[in-house]
Engineer: 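Below is one structure. I have some questions about it.
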2 protein chains.
Amino acid sequence: MILPLSPLNDFDVAKAKKVAAKDLSAEEKIKAAAKKIFTQKGFAATRTRDIAEEAGMNLALLNYYFRSKQKLFDIIMLENFKKLIHGIVIEVVDENASMEQKLEKVVEAYIDFLILNPDLPFFILNELRNNPAAIASTISDEINQVRNNFFKQLQKGDKKSKLPPMEPFHFLANMIGLTVFPFVGKPMLQRVTNVSDAKFNALMQERKKLIPVWMKAIMSMKGN
Amino acid sequence: MILPLSPLNDFDVAKAKKVAAKDLSAEEKIKAAAKKIFTQKGFAATRTRDIAEEAGMNLALLNYYFRSKQKLFDIIMLENFKKLIHGIVIEVVDENASMEQKLEKVVEAYIDFLILNPDLPFFILNELRNNPAAIASTISDEINQVRNNFFKQLQKGDKKSKLPPMEPFHFLANMIGLTVFPFVGKPMLQRVTNVSDAKFNALMQERKKLIPVWMKAIMSMKGN
DNA sequence: TTTATTTTTAATCAAATGATTAAATAATTT
DNA sequence: AAATTATTTAATCATTTGATTAAAAATAAA
């Protein structure tokens, strides 16, 4: 295999072949380790040696399989991002569901997901700051869907749930703020309120029921 | 001055003397540049050369005045942190103010502050992740004050405002989520909702009035 | 003005870090 | 089994980056 010597050749030829052998392929081990460390520490604070060590692999394998730290990061980034928005768009765009139904479904699915991936939102928010354009372009389709469907529903109000129209920005900020912020600010909140990890998760379970109720209360206020 | 040659000598002797000369001292220029870049990009992603360039100063001056990147960062970090919690604790701990009054005061003061320092909360959240213990110890006094005063008021309910008791964690998560999250998630929210910087600030002005109303609506719901 | 002190600069160092290479090993194909 | 191809390793490179140094310039003290 001459790939490392010819940087411009395509790279996936080698991959497909040996995958699915043994327990977990070297490539998969590296990817898993990279996901863990990149997600925890972000791009800049992650060293390729840390990834190799976490994967129990030789450092050179990282470049053998992924060419560069940046390329590896891009792959992780994209997968993380898709994982995070997967499901939510489909739920939210559904024409037949009422606002109330959407609220309940999305919040529950999201909190379940975040309990399993507590570092993901901070990671996304961080990298979105460093690279707004590149990432946004990969998901512009989903954004447009949300704009064309859900935002319209929001702005004309929801008859079934008796919820008046609401400015989409405020709705999103509230919804994500209430749902995602506890995970983004977890270290701070835990420190101030003196809450253990177990208690934190229990509180998040509570919020699955509470947030939809709160959101409806917010939307029912006059002046929105 | 022999400081650069004797690393263990005290460092502040030199400082005090020439400060307040010219327009802005070299030390102040570096500090301002460091604050800007550290706050924007975090510790790991910031290069000392970037700071020197931003300040228009020679790279060696950074070490001359501050000894190391880490020491400079610690100073910025502490100032940022104090700036962020300044005021809020005094407001919130005041025994005589009702919950309602506190809500209105704190939200307004905070949003005004955040409009001027939009990158600060993300910076704090980020560094709090990397170094939970060190930072927390510098503000444990303030945290205890909040616990002993405000959380008690929360948990016994507020008669004047007719607000029933609420779990402190949920209250904090909601309050900070609604107030601070828009700034933390600014790039994401702006992208999805297609909102300009000017519009964003206008929406934040709106939220100064809305969030207290929303918070009262949330707290008035049964089941908290 | 002369001397001492402080500040600034340019050059350089040492360590960390992303990446590469050539050789060794393992697996696959013929 | 022999030949080919793919994977893995240890050693090394080149660059970046935080830090230092010695000398020059600016300022203050005598």
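Sequence lines set the chain letters: A, B, ... in the order given, protein chains first and strands last, and positions in each chain run from 1.
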Engineer: Where does the angle between the aromatic ring planes of Phe38(A) and Phe73(A) fall among parallel (under 30°), tilted (30 to 60°) and perpendicular (over 60°)?
Structural biologist: perpendicular
Engineer: Output the residues of residues 37-54 of chain B in contact with DNA chain C, where contact means a heavy atom of the residue under 4.0 Å from an atom of the strand; sort by number or write none.
Structural biologist: none
Engineer: Output all residues satisfying side-chain hydrogen bond (donor to acceptor under 3.5 Å, both in side chains) with Gln70(A), sequence neighbours left out; order by chain, then residue number.
Structural biologist: Asp74(A)
Engineer: Whole angstroms only, please: what is the CD-P distance between Glu27(B) and dT8(C)?
Structural biologist: 10 Å
Engineer: Establish, for the pair Lys102(A) and Phe150(A), whether the NZ or CZ atom is under 6.0 angstrom from the six-membered ring centre and no further than 45 degrees off its axis.
Structural biologist: no
Engineer: Out of dA19(C), dT8(C), dT8(D), which nucleotide sits closest to the side chain of Leu61(B)?
Structural biologist: dT8(C)
Engineer: Quick one: which residue pairs count as a side-chain hydrogen bond (donor to acceptor under 3.5 Å, both in side chains) with a foot in residues 103-123 of chain A, not counting sequence neighbours?
Structural biologist: Lys83(A)-Asn117(A), Asp112(A)-Lys208(A), Asp119(A)-Arg129(B)
Engineer: Do the ring planes of His170(A) and Trp214(B) sit parallel (below 30°), tilted (30 to 60°) or perpendicular (above 60°)?
Structural biologist: perpendicular
Engineer: Which part of the nucleic acid, if any, lies within contact of Leu62(A), taking any heavy atom under 4.0 Å across all strands shown: a base, the sugar-phosphate backbone alone, or nothing?
Structural biologist: nothing
Engineer: Let me know, please, whether Gly56(B) or Lys69(A) comes out on the 5' side of the other along DNA chain C by nearest nucleotide.
Structural biologist: Gly56(B)
Engineer: Give a yes or no on whether a salt bridge exists between Glu54(A) and Lys29(A), defined as a side-chain N under 4.0 angstrom from a carboxylate O.
Structural biologist: no
Engineer: Round to the nearest Å and state the distance from Asn63(B) atom CG to dT6(C) atom P.
Structural biologist: 19 Å
Engineer: To the nearest Å, give me how far apart NZ (Lys29(B)) and P (dT7(C)) are.
Structural biologist: 14 Å
Engineer: Whole-Å distance between dA16(C) P and Leu59(A) CG?
Structural biologist: 15 Å
Engineer: Mind calculating the distance between OH (Tyr64(B)) and P (dT9(C)) to the nearest angstrom?
Structural biologist: 12 Å
Engineer: Find the distance Asn58(A):CG to dA24(C):P and express it as a whole number of Å.
Structural biologist: 16 Å
Engineer: Atom CG of Leu72(B) to atom C1' of dA19(D): distance rounded to whole Å?
Structural biologist: 14 Å
